Visitor: 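I'd like to ask you about the structure that follows.
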Amino acid sequence: MAHTAMSGTGTTADDDPLQTAVWRLRSRACWADAAALLQPTSPAAALQRAALLVERCLYTERGWEEAEDALRTAEAQARTDDERGAAACERGQLAYAATLLGVRDRADEARAALGRAAALIAPGDPGRALLDFRRGLLAENLARAPQAARAAYRRAHAGATAHGDPLLLSFTWRHLAGLALRDGELAEARHGFAESLRIREELGYLVGTAPALASLADAESEPEASRLRAEAGRLFRLLGGVPTWLARQLAPPAATI
């Protein structure tokens with residue numbers, strides 16, 4: 001199975017030096033530099049390169065054409081069902097990001113691509129957990145179906161646990177905690193957000209640490225909430241305002257007149 005945008009490849013001392021370099025750049029919001037290290041001469045490399053550029057779109061709201069080009073290359077190189085399924089999963093994520101960020105409504109394309117991926121990626125395959133997570137994103141943020149999203153996130157969480165993918169676990173913890181917070185389950189939300197933050201700090205996933213801090217702040221009381229938001233803001237500015245969508249969450253409340 002090719003590396004995916006959510007895998008933690010490159011995070012341990014035993015990893016290939018190239019993957020370690022890619023991870024360090026990616027975790028510091030340098031997706032284009034990370035992608036430049038990968039020559040799309042094999043299906044795995046082409047897919048990993050595309051996944052990095054798709055992730056850049058979601059975090060920066062730019063680079064759409066580069067991601068499309070890289071994704072077309074990955075789709076053309078895919079030979080096995082796993083490779084075709086992984087490429088379809090990235091296609092679905094790119095369409096989801098474009099819809100979510102208001103670039104263009106590609107919700108139908110996102111659903112179709114993730115449906116294709118589900119038909120190609122075998123149950124129990126490591127890529128299935130990432131697919132389940134992304135189907136949860138669609139259910140939560142496009143279909144507004146929190147129960148379906150929770151079920152998908154739980155499947156993804158179980159898969160990430162089974163296959164030892166801590167970075168994906170940090171995402172499933174955070175999104176399950178978000179649903180718990182929406183339901184008023186503060187203790188459950190705090191636990192999930194804290195686990196997500198812990199994993200990201202341990203992995204050195206700097207670009208994902210500010211969102212984790214801000215999410216935990218939403219479940220905390222003062223003065224801890226303000227401390228967490230201040231730290232999130234510091235990291236956000238350090239990375240040049242990435243992820244862009246975090247600016248809205250960190251904005252101070254409007255003054256009342």
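All values derive from a computational prediction rather than experimental measurement.
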Visitor: So, for L114 and C89, which heavy atoms are closest and what is the spacing to 0.1 Å?
Guide: CD2-O, 3.7 Å
Visitor: Quick one: are L52 and L38 in side-chain contact, heavy atoms under 4.5 Å?
Guide: yes
Visitor: Taking T99 for the side chain and A95 for the main chain, is one N or O donor matched with an acceptor at less than 3.5 Å?
Guide: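 Yes.
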Visitor: For residues A29 and L239, report the shortest heavy-atom separation together with the two atoms involved.
Guide: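 Shortest heavy-atom separation between A29 and L239 comes out as CB-CD2, 4.4 Å.
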Visitor: Please report the closest heavy-atom contact between P243 and V207, naming both atoms and the distance.
Guide: CD-O, 3.9 Å
Visitor: Please tell me whether L179 and Y96 are part of a single hydrophobic cluster in this structure, the criterion being side-chain heavy atoms less than 4.5 Å apart.
Guide: yes
Visitor: Taking L167's backbone N and O only, do any of them form a donor-acceptor pair with S170's side chain (distance below 3.5 Å, no angle check)?
Guide: yes
Visitor: State, yes or no, whether a side-chain contact exists between L101 and T244 at a heavy-atom distance under 4.5 Å.
Guide: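 No, side chains not in contact.
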Visitor: D218 versus R229: any side-chain heavy-atom pair under 4.5 Å?
Guide: yes
Visitor: So, W173 side chain and A194 main chain: donor-acceptor pair closer than 3.5 Å or not?
Guide: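 Such a contact is absent between W173 side chain and A194 backbone.
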Visitor: Applying ring-ring contact (aromatic ring centres under 6.0 Å, His included) as the test, list every pair that has at least one member in residues 24-75; sequence neighbours left out.
Guide: W31-Y59
Visitor: Mind checking whether R150 and E140 have side chains closer than 4.5 Å, heavy atoms only?
Guide: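 No, too far: nothing below the 4.5 Å cut-off.
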Visitor: Nearest 0.5 angstrom please: R234 CZ to T209 OG1, how far?
Guide: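 It comes to 10.0 Å.
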Visitor: Find the distance between CG (L71) and CZ (R91) and round it off to the nearest 0.5 Å.
Guide: 4.0 Å
Visitor: Are a donor atom and an acceptor atom from the side chains of Q48 and Q19 found within less than 3.5 Å of each other?
Guide: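 Yes, Q19 and Q48 have a side-chain donor paired with an acceptor closer than 3.5 Å.
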Visitor: Please check this pair: side chain of R200 against backbone of Y205, looking for a donor-acceptor N/O pair closer than 3.5 Å.
Guide: no
Visitor: From E231 CD over to L197 CG, what is the distance, rounded to the nearest 0.5 angstrom?
Guide: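 One gets 9.5 Å once the value is rounded to the nearest 0.5 Å.
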Visitor: Using a 3.5 Å distance criterion without hydrogens, assess whether the side chain of R227 forms a donor-acceptor pair with backbone atoms of A217.
Guide: no
Visitor: Do P211 and R174 come within less than 4.5 Å of each other through their side chains, counting heavy atoms only?
Guide: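 When only atoms from C-beta onward are counted, R174 and P211 do touch, with a gap below 4.5 Å.
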Visitor: Do E83 and L47 come close enough that some side-chain heavy atom pair is under 4.5 Å?
Guide: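 When only atoms from C-beta onward are counted, L47 and E83 do not touch, as no gap falls below 4.5 Å.
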Visitor: Does the side chain of L203 come within less than 4.5 Å of S27's, by heavy atoms?
Guide: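 A side-chain contact under 4.5 Å is absent here.
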Visitor: Just do the salt bridge (charged side-chain N to carboxylate O under 4.0 Å, His left out) check on R106 and E68 with the steps written out, would you?
Guide: CA-CA 13 Å; R106 297 172 60 180; E68 288 282 0; 3.0 Å; yes
Visitor: Looking at every non-hydrogen atom in both residues, tell me the closest pair between A129 and A160 and how far apart they are.
Guide: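 Closest heavy-atom pair between A129 and A160: CB-N, 3.7 Å.
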Visitor: State whether the side chain of R84 and the backbone N or O of R79 hold a donor-acceptor pair below 3.5 Å, judged by distance alone.
Guide: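 At least one qualifying donor-acceptor pair exists.
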Visitor: Distance check, rounded to the nearest 0.5 Å: H163 atom NE2 versus D125 atom CG?
Guide: 7.0 Å
Visitor: Is there a side-chain contact between R128 and L131 in this structure, where contact means two heavy atoms from C-beta onward sitting under 4.5 Å apart?
Guide: yes
Visitor: Which label fits Y153 and H175: parallel for a plane angle under 30°, tilted from 30 to 60°, or perpendicular past 60°?
Guide: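 Because their plane-to-plane angle lies in the 30° to 60° range, the rings of Y153 and H175 count as tilted.
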Visitor: Is there a donor-acceptor pair under 3.5 Å between the side chain of R28 and the backbone N or O of R24?
Guide: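 Pair found, side chain donor or acceptor close to backbone of R24.
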Visitor: Check whether E222 reaches the backbone of S226 with its side chain - one donor and one acceptor, N or O, closer than 3.5 Å.
Guide: yes
Visitor: Give, for atom CG of L181 and atom CG of L176, the distance between the pair rounded to the nearest 0.5 Å.
Guide: 12.5 Å
Visitor: T172 side chain to L169 main-chain N or O, any donor-acceptor pair under 3.5 Å?
Guide: yes
Visitor: Would you give the length of the straight line joining atom CG of L213 to atom OG of S196, rounded to the nearest 0.5 angstrom?
Guide: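 Interatomic distance, L213 CG to S196 OG, rounded to 0.5 Å: 9.5 Å.
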Visitor: Tell me whether L53 shares a hydrophobic cluster with V22, the cluster being built from Ile, Leu, Val, Met, Phe, Trp, Tyr side chains joined at under 4.5 Å.
Guide: no
Visitor: Test your reading of the model: is there a side-chain donor-acceptor pair from Q77 to the backbone of P40, 3.5 Å cut-off?
Guide: yes
Visitor: Is any side-chain N of the basic residue among R49 and E66 closer than 4.0 Å to the acidic one's carboxylate O?
Guide: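 So R49 does not pair with E66 through a salt bridge.
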Visitor: Less than 4.0 Å between a side-chain N and a carboxylate O, is that true for D69 and R72?
Guide: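 Between D69 and R72 there is a salt bridge, with a charged N closer than 4.0 Å to a carboxylate O.
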Visitor: So which heavy atom on A214 is nearest to which on L246, and how close?
Guide: CB-CD1, 3.9 Å
Visitor: Indicate the atoms forming the closest heavy-atom contact of E220 with A225, along with that distance.
Guide: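 Shortest heavy-atom separation between E220 and A225 comes out as O-CB, 3.7 Å.
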